[in-house]
Every structure is written in C-alpha cells, then in structure tokens.
Q: 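Next up is a structure, given as structure tokens.
Chain letters run A, B, ... following the sequence lines, proteins first and then strands; every chain starts at 1. For clarity, every value in this text was computed on a predicted model and none was experimentally measured.
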Amino acid sequence: MEFYKPSKIEPKWQKIWSKKEIYKAQDFSSKPKFIMLTEFPYPSGDGLHMGHIREYTLGDIYARYIRMNGYNVLFPMGYDAFGLPAENYAIKQHISPQQSTSKNISNFKKQFEKLGFSFDQSREINTSDPKYYKWTQWLFLQFFKKGLAYQEDTLINWCPFCKTGLSNEEVINGRHERCDTLVTKKKLKQWVLKITDYAEKLLTGLKTVDYPKNIADQQINWIGKSEGALIDFEIKNSNQKLTIFTTAHDTIFGVTFMVLAPEHPLIAKITKDEQIASVRSYQKMAESKSDLDRQDDNNPKTGVFTGAYAINPLNGSHIPIWISDYVLMNYGTGAIMSVPGNDLRDYQFAKKYELPIIYTSKENEFVSYQDQIKKDPTKYIMAHSEEFSGLTFKEGRKRILKLIEDKKIGKKQIQYRLRDWIFSRQRYWGEPIPIIHCPDHGAVPVPENELPVLLPKIDDYLPSDDGLSPLSKVEQFVNTTCPICNKPSKRETNTMPNWAGSSWYYLRYFDPNNDQQFASKDKLKYWGKVDFYLGGMEHTTLHLLYSRFWHNFLYDIGLVPFQEPYAKRRGQGIILATDGTKMSKSKGNVVNPIDIIDQGYGADGLHLAIAFLAPYDQTTPWSPESVVGAYRFLDRVYRLFQKTKLDFSLKELDFDLEYQINYVIKTVTEDIEGLNFNTALSSLMEYTNKLYKLSTQPLNKDQWQRALETLIQLLAPFSPFLSEELWSGLSRKGSIHLSAWPKYRAEYLIKSSNLIVIQVNGKLRSKIEVSSNISDQQLKEIVRNDPRIKSIIGNSKISRFIIVKNRLVNIVI
RNA sequence: GGGCGAGUGGCGGAACUGGUAUACGCGACGGACUUAAAAUCCGUUGGUCCAAAAACCUUGAGGGUUCGAGUCCCUCCUCGCCCACCA
C-alpha cells in the first residue's frame with residue numbers, strides 16, 4: 001500500500017501542466033470568457049507571504065471551478081515591480097533595483113510553480129519592463145493632452161524616510177502607509193492627476209458594479225460628496241469679500257463669528273494693524289505643527305482675532321473674523337461661518353474665547369446639526385431665524401437658499417473631499433515622466449515614436465532631502481532638445497508612483513506582447529470587463545480607486561469599450577499570526593507558507609487549510625493545526641482510492657449513496673458559487689467519511705466508481721495535485737482540471753422520508769421519521785399517538801397545531 | 001467624532017427565507033492495533049444535576065415581537081477595520 005506523499009506527487013504534475021499549457025487562455029475562443037483577476041504582487045525579497053497565498057489560493061479555486069464549467073478562463077499573473085518597496089529593498093541589499101527585481105521575480109516564479117496555481121504563464125507582465133512602461137508613459141501623455149495631468153507648485157505630503165512626495169491616499173493617520181514614517185510638508189513643484197474631475201463618475205459608477213457594501217461605502221466616504229452653498233460675506237470698511245462654504249446654510253442666523261484657515265490669503269488684506277503681530281505669530285505656530293497634531297480633535301481649539309468684521313448678508317449683523325487651524329485651507333474655501341449653537345467645534349471655540357452663541361433650533365441649547373437631522377429631520381424646528389423661525393429645517397433650507405440666490409450673494413455648491421492625485425515621486429525606481437521642459441514651449445510631451453523614455457542605469461540612485469530626483473544628476477538623461485523647436489531643453493526627472501503601472505495592468509494581460517498599442521481593440525472587446533477581481537481591503541482607496549479613475553478616463557477618450565473595469569470586486573481577509581496580532585518580522589511571528597509545503601504537507605495541504613480556515617473575507621488567526629487537519633483529510637481521500645479488496649457484488653444501485661453523490665455535488669457547487677469555500681470543504685469531508693464507511697460493504701462497481709470520481713472532481717479546485725494524481729489512477733484521459741464539472745440530478749435528491757421534529761410549546765420533545773407524502777391529518781394522528789408526546793400533553797387542551805412541511809410540528813397547549 | 005462589521009464550546013468556525021444551536025475541523029479524554037511509539041481505526045466531548053433515564057440552562061447583557069428567535073425590533077456593553085477638526 002502506498003502512502004500519501006505530496007512531495008512525490010506535486011513536482012511531477014507541475015512539469016506536466018506547464019509543458020501542456022493546460023491553463024492557457026485563448027483569445028477569441030468561442031467558449032464564454034471569464035477573467036479571474038487577483039492583484040499582482042510586488043516582488044519583495046521575502047518571497048510570497050501568507051496574504052499572497054490566501055488571495056491566490058481563493059482566486060485559483062474559483063478559476064479552476066469556472067474552467068471546469070466550460071469557460072475560457074483568463075487567470076493571469078504578473079509583477080508590480082516598480083516603486084518604493086522594491087527600491088528600498090535594493091538599497092538595503094546594496095544592489096541595483098534592476099538586479100534585486102529580477103532576482104526576486106525568479107524566486108517568486110519558483111514559488112508559484114511549487115504552489116501549483118493555474119496561471120496562464122504565457123501572459124506574464126512586469127511593470128518595470130520597458131516594453132510595458134512604454135504604455136504607462138503613453139497613457140500618461142493621454143492625461144496630459146486632455147489637461148488632466150498638470151504641474152502645480154504646492155505644499156505636499158513628504159515622507160522624510162523615503163524622501164519623496166506622497167498622495168493624499170498614501171498618508172494614513174499622518175504616516176506614510178508603506179514605512180509608517182510621520183509625514184511632513186514640503187513645497188515642491190509636482191505633477192498632479194485631476195482625479196477630482198472624476199469624483200462624480202467614480203460615485204455613480206459604483207451603482208453599476210457588484211462591490212461589497214463596505215468597499216463601496218469606503219470609496220463613497222473617501223470621495224466625500226457634500227451638498228451645500230457658497231455664501232459671500234462683505235467685510236466692514238473694506239472692499240474685500242469673504243466667501244465661505246457651508247452645508248448648513250439654514251443656520252445662517254446663528255452665525256456669531258467667522259474663521260479663516262491660517263494660510264488664507266485674505267488674512268493679509270484684512271487684519272487690523274493692532275492685530276498683525278499676534279496674527280503673524282499664530283500663523284507661524286500653525287505652520288510648524290505636524291499634520292498629526294493639527295488633526296487631533298482632542299486638541300483644545302486655538303485661534304486669534306483679526307480685528308476685522310464681516311457683515312451677515314441676511315440680517316446685517318457684524319461678525320468678528322478669527323483665524324484658527326481647525327479650519328483647513330484645502331477644503332471648501334478655507335473659511336467658515338461659525339454657528340456655535342449647532343456645531344461642536346464652533347461651540348468649543350466660542351466657549352474658549354467667550355464668543356456669543358445663538359441657538360437656531362427650538363431646543364434652545366447646543367444641538368449638533370448632523371445629529372439632529374439624522375435623528376428626525378421633521379422634528380428639527382428652526383428658531384431665532386427671523387421670519388424662518390418655526391419652519392422645519394428642510395423647509396427653511398429651501399427658502400434660505402432661494403433667498404441667497406435671489407439676492408445674488410451665494411449659490412448652491414457641491415463639494416468633494418477627494419483631492420487631486422499627486423503623481424510625481426522624487427525617486428529613481430519608477431517610470432520616467434515623458435515630458436520635456438522647453439524654455440519657450442514649457443512642458444512638451446515626448447513624441448510617441450520616442451517612447452519609452454528609458455530609465456537610465458545609474459550607480460547613485462539614492463534619494464535626497466532636497467526634493468530632487470536622482471535622475472536630475474544624470475546629465476545625458478536630463479539634457480535634450482525640444483521636440484517642437486529643437487532648443488536645448490531639460491527632461492522631467494521625477495518618476496511616477498508605483499500606483500501608475502498597476503492602474504491599467506489588467507488590460508495588458510489581454511495583449512501582453514503588442515508593441516503597437518497597449519492592447520488591440522479586438523482583444524479589449526473580446527475580453528471586456530474583469531469578471532471577478534479579488535484583492536486586499538487596504539487597496540480600496542488606493543489602487544482600486546486609482547484604476548477605476550484611469551479606466552473611466554480611457555473610456556471617455558474611446559480607448560476601452562466599458563466604463564468600469566471590474567464587474568465584481570471582493571476583498572479577502574487578513575490572516576493574523578497565531579496570537580491574533582498582525583504577522584510582522586519585528587514581532588517574529590511570521591509564518592512562511594513555503595515552509596509548510598516543505599514540511600511535507602504539500603501545496604494541496606496548504607491550499608486546503610487556507611480555504612477551510614474561515615470565510616474568505618474574514619480576518620482570522622492562523623493555526624498550525626489547521627494544516628494537520630487538511631493533510632489528514634487528503635490522506636483519507638488517498639487511502640480511499642487505495643482500497644483494493646472491495647466487494648462489488650451489489651447489482652442494484654444504493655439509493656442512499658446516490659442521494660449522497662447528488663447532494664454533495666449540489667452543496668459544493670452552491671458553496672463555491674457563493675465563495676463559501678470553508679463549508680464546501682466540510683461537505684466534502686462529510687461525504688468522504690460516508691464513502692469511507694460504505695467501503696466495507698458490498699457495492700455496485702459503476703456506482704462506486706462514479707462516487708469516487710465525483711469526490712475528486714469536486715476536490716480538484718482545492719487540491720489540484722492530489723485530484724490530478726487520483727484521476728490519472730482511474731485511467732481517465734486528459735487533465736481533471738479540464739474535465740466537466742459534475743451536475744447533480746434533482747430526482748435523486750427527493751427523499752422518501754423525512755425526520756420530523758416534534759415540539760411542545762416550542763420545546764423539542766421528540767423526533768419521528770415519516771414518509772414524505774404523508775398528509776397533515778395522518779401526521780397529526782401519528783404525533784398524538786407518540787408515547788412521549790402523549791405523556792407530555794396528558795389532559796391539557798391542544799390550542800394550536802403548527803405543521804412545517806417535512807420539517808417540524810409544534811403543539812401549543 | 002463619523003462609516004462599516006462582528007460577539008456562538010477549550011480553539012478555528014457551522015446554522016438556507018424565523019423552524020433539531022454547536023455541522024466540519026482542531027484539541028482533549030477513553031479504547032483497538034503495536035514489544036513500544038507514530039500513523040490509522042472505533043467511541044466520548046456546551047453546561048448543571050445524575051447510577052441511569054429524564055429534566056433544566058446555554059449563541060455578549062437586558063427587554064420585546066412570535067406557536068417558535070443565534071437569526072427580527074429596542075436599550076446597553078465589548079471588540080475589529082476604515083476615515084477623521086471636511087464646515
């Protein structure tokens with residue numbers, strides 16, 4: 001008898017699958033197409049980690065399932081090789097990013113092979129390959145030509161450790177999401193992509209795709225649409241005007257002071273002489289504060305009076321103008337009207353500086369506007385608002401807006417929290433931005449036939465504190481001529497962020513070797529939308545949002561046939577360390593998945609353990625024992641196939657076995673469709689246990705054969721190696737992974753009898769087995785005569801008799 | 001402060017649309033096989049009480065709706081993730 005040894009089975013099939021290219025996707029196949037996309041990794045020096053394995057295992061299971069259902073499946077893989085992590089790793093290893101990247105990629109490939117994922121290897125891409133980034137540069141130029149890529153001299157988020165600017169999305173709690181360094185501010189000239197132009201489309205597009213609520217909500221919150229009004233306030237004894245943005249224009253009678261952000265340009269023009277000194281010193285103080293300090297809402301409010309007054313356009317009252325850093329320059333107009341009766345921050349500020357408070361709701365005490373509206377908008381009754389007092393907020397809102405518009409002192413305004421995307425990085429390892437700066441013509445795009453602008457190989461690629469890219473030191477690279485006038489000009493030396501290459505990579509899989517276009521029209525049309533995109537929740541407001549933006553733009557300029565790139569998105573949960581905390585090198589609690597394979601559990605054992613661990617989208621701790629259970633199950637399946645001395649004397653079909661076969665097909669199929677991989681596996685385990693018990697009894701040979709085939713076919717997506725091995729042992733032709741997914745027959749799922757639960761007053765008292773076609777009358781009779789039930793009921797009167805067909809009886813006494 | 005989600009055995013987790021709570025797996029305990037161990041196989045395994053049968057209790061806490069609630073409603077507690085002085 002042979003023992004189950006993954007190390008003897010798995011390498012053999014890796015080679016065969018690879019040689020026969022069984023997972024190759026066909027362009028223009030007549031079969032229905034399906035794109036299963038998982039996020040491609042950046043090839044780090046540590047190799048694949050548990051998070052990768054979970055993502056690709058789940059994607060692989062689904063891809064294999066869909067493939068067996070007769071689809072032309074595209075399940076691609078590539079490498080997101082440009083960017084900070086790769087470069088920081090190279091610096092640490094004292095080798096060039098080119099070297100480290102190619103070394104790491106070959107390690108990743110080896111590991112992927114060992115893991116046995118069903119990728120179409122022929123379509124592999126690498127974002128740092130000039131043949132690839134030529135098209136990233138080309139796409140950037142399309143943004144430039146449409147005015148959606150522009151340069152701005154602005155205060156940006158700066159990571160002092162990585163020595164580069166960052167986008168808004170890359171700053172998490174005031175820290176750089178990659179290295180956790182506190183972010184500071186730096187004034188730099190930057191390339192910016194105008195993602196804000198797509199705020200509305202990115203919102204409405206969400207209604208056309210299948211995303212889980214939490215992902216859609218996160219994007220909606222990030223885009224942060226709010227509807228309100230811009231209102232102009234005249235300034236007393238001045239010809240200046242102060243424009244504010246508010247979402248609560250109906251509280252305008254409660255305004256008792258105005259607040260400007262410390263950076264507001266109007267401050268210099270309106271501050272009274274006697275206040276200049278204190279205003280200047282406050283501005284200085286605010287400037288030196290880090291983002292994190294400034295954002296802490298537990299901080300006591302601080303501020304300073306400018307000496308100037310604004311005039312309330314509706315009642316003419318004079319309102320002092322203050323400065324405070326709780327107002328942000330980069331949202332709205334950088335100025336607010338303060339209504340301390342309804343806004344907590346304004347209230348705190350008013351209390352501290354003893355400013356008057358007017359309550360504009362009938363409660364006549366502090367009530368948060370947001371809370372009030374949310375609780376019951378009809379109960380919010382306005383007060384202290386002249387002729388509007390007594391109205392509901394909804395009505396007051398409408399009328400005051402109309403009044404403001406009629407008087408031409410303001411207008412309706414839609415405001416988004418989304419900021420434009422800071423797109424340049426002062427680092428070496430990225431796509432050079434294909435722009436030439438000409439003294440006469442300004443920023444000029446590199447002509448298309450000169451793409452790609454190659455990243456020069458240089459020795460000194462370390463970043464510097466001055467905000468200049470390492471490329472600026474390379475004279476052969478920098479010095480060039482203007483494509484328009486031929487005058488000596490300088491190349492742009494900033495590079496693109498690592499999110500550039502990944503913003504369109506899925507499209508390249510359709511046509512990875514095309515050197516005329518990023519992908520041909522025909523292939524874009526054939527493959528269409530990504531049917532299923534699985535990835536990390538942490539990319540919701542980064543990669544996922546960015547790539548939706550790019551794709552929407554490409555659609556608008558007619559380069560892709562669909563508006564949204566991903567028809568269905570799901571996010572997998574995180575696998576924590578055994579102690580329930582995040583796996584991290586510094587804590588030393590990292591589990592290396594490849595070790596698990598090498599310990600003898602095999603790739604199949606690893607896949608199975610991960611799929612069985614918990615629902616795919618749940619964050620859950622890793623347990624080393626889960627692999628033991630997975631391995632034991634596979635071993636049991638293996639031994640089931642080793643049984644040689646079976647008694648096949650049975651001529652008739654075993655109806656119960658027939659039921660089991662059809663039932664397991666049904667449940668496993670439905671569970672995979674619903675991505676309930678853990679319960680699919682528990683069904684397969686139960687089924688296996690039943691077969692194992694049956695194997696000691698007389699059997700019908702054909703039926704038994706079918707039972708075994710069903711088992712390994714249903715198991716194939718989860719454990720590709722073992723199922724292929726056992727399939728070949730049944731001397732079936734071809735790969736099990738190209739075989740047709742089993743179909744159940746409903747007629748075998750009809751039970752002749754059912755177990756009926758009998759309750760008295762809702763409490764379980766007895767169970768009986770009765771025929772499926774029993775009438776309610778008959779059932780009542782049987783239940784009444786059940787000795788246990790009889791004794792419980794005794795002389796009590798039965799007031800109700802509830803029957804749930806084929807399931808339950810409840811007697812109420 | 002805002003958004004989303006979750007609390008079920010010793011542990012990971014099941015439970016379809018309100019209808020047998022604790023499936024499946026791990027661990028533990030007992031037994032078989034073995035000189036022994038591993039592996040495997042067969043049992044037991046939410047709690048209280050108990051010789052046993054039965055009974056009673058149990059899905060974070062409390063209340064409600066219902067013949068019947070882990071599931072629906074209300075109040076509260078705890079935890080996780082994301083965002084956060086966004087006017």
Q: Closest to the A:R639 side chain: B:rC41, B:rA87, B:rA84?
A: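 Nearest to the side-chain atoms of A:R639, counting from C-beta on, is B:rC41.
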Q: With the threshold set at under 4.0 Å for non-hydrogen atoms, list the residues of residues 605-629 of chain A touching RNA chain B in residue-number order.
A: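 A:F612, A:L613, A:A614, A:P615, A:Q618, A:T620, A:E625, A:G629, in order of number.
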Q: Roughly how far apart, to the nearest Å, are B:rA14 and B:rA52 at atom P?
A: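 About 35 Å, rounded to a whole number of Å.
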Q: Relative to A:F349, does A:K301 satisfy both conditions: NZ or CZ under 6.0 angstrom from the six-membered ring centre, and within 45 degrees of the ring's axis?
A: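 Negative - A:K301 is either too far from the ring of A:F349 or too far off its axis.
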Q: For A:S226 and for A:L344, find the nucleotide of RNA chain B with the closest heavy atom, then tell me which residue's nucleotide is more 5'.
A: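 First, find each residue's nearest nucleotide; the 5'-ward one identifies A:L344.
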Q: Check A:S338 against A:Y326 and note the closest heavy-atom contact, atom names and distance.
A: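 Of all heavy-atom pairs spanning A:S338 and A:Y326, the closest is OG-OH, 3.6 Å.
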Q: Could you give the CZ-to-P distance, from A:R54 to B:rG12, as a whole number of Å?
A: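 Checked: the CZ to P distance equals 14 Å.
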Q: As a test of reading the structure: which of B:rC67, B:rG27, B:rC85 is closest to the side chain of A:Y326, going by heavy atoms?
A: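 That would be B:rC85.
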Q: Measure CZ/A:R765 against P/B:rU20 and give the value in whole Å, please.
A: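 Distance, rounded to whole Å: 16 Å.
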Q: Could you check how far OH of A:Y416 sits from C1' of B:rA87, rounded to whole Å?
A: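 Interatomic distance, OH of A:Y416 to C1' of B:rA87: 17 Å.
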Q: Mind checking the C1' distance from B:rC79 to B:rA61? Whole angstroms is fine.
A: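 Roughly 15 Å separates the two C1' atoms.
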Q: Is there a donor and acceptor pair, one atom on the side chain of A:N810 and one on the base of B:rC67, closer than 3.5 Å?
A: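 Per atom types, the contact qualifies.
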Q: With a 4.0 Å limit, can you tell me whether A:R632 has a side-chain N or O closer than that to the phosphate oxygens OP1/OP2 of B:rC41?
A: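 A:R632 to B:rC41 OP1/OP2: no side-chain N or O under 4.0 Å.
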Q: In whole angstrom, what separates A:K805's NZ from B:rG18's P?
A: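 About 21 Å, once rounded to whole Å.
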Q: Taking only the P atom of each, what is the distance from B:rU8 to B:rG3 in whole angstrom?
A: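 Roughly 25 Å separates the two P atoms.
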Q: Does the side chain of A:R636 get closer than 4.0 angstrom to OP1 or OP2 of B:rA39 through an N or O atom?
A: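 So the side chain of A:R636 is outside the cut-off, no N or O lying under 4.0 Å from OP1 or OP2 of B:rA39.
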Q: From C-beta outward on A:S682, which listed nucleotide comes closest to its side chain: B:rA23, B:rC42, B:rA21?
A: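 Nearest nucleotide to the side chain: B:rA23.
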Q: Select from A:I802 and A:A630 the residue whose nearest nucleotide in RNA chain B is closer to the 5' end of that strand.
A: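 Its nearest nucleotide being more 5', the pick is A:A630.
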Q: Just the dot-bracket of RNA chain B, please: which string comes out with Watson-Crick or G-U pairs under 3.5 Å, [ ] for crossing, | for another strand?
A: (((((((..(((......[....)))((((((.......))))))(((......)))..(((((..]....))))))))))))....
Q: Please pick, from B:rA87, B:rC24, B:rC4, the nucleotide with the shortest atom-to-atom distance to any side-chain atom of A:M685.
A: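 Nearest to the side chain of A:M685 among the choices is B:rC24.
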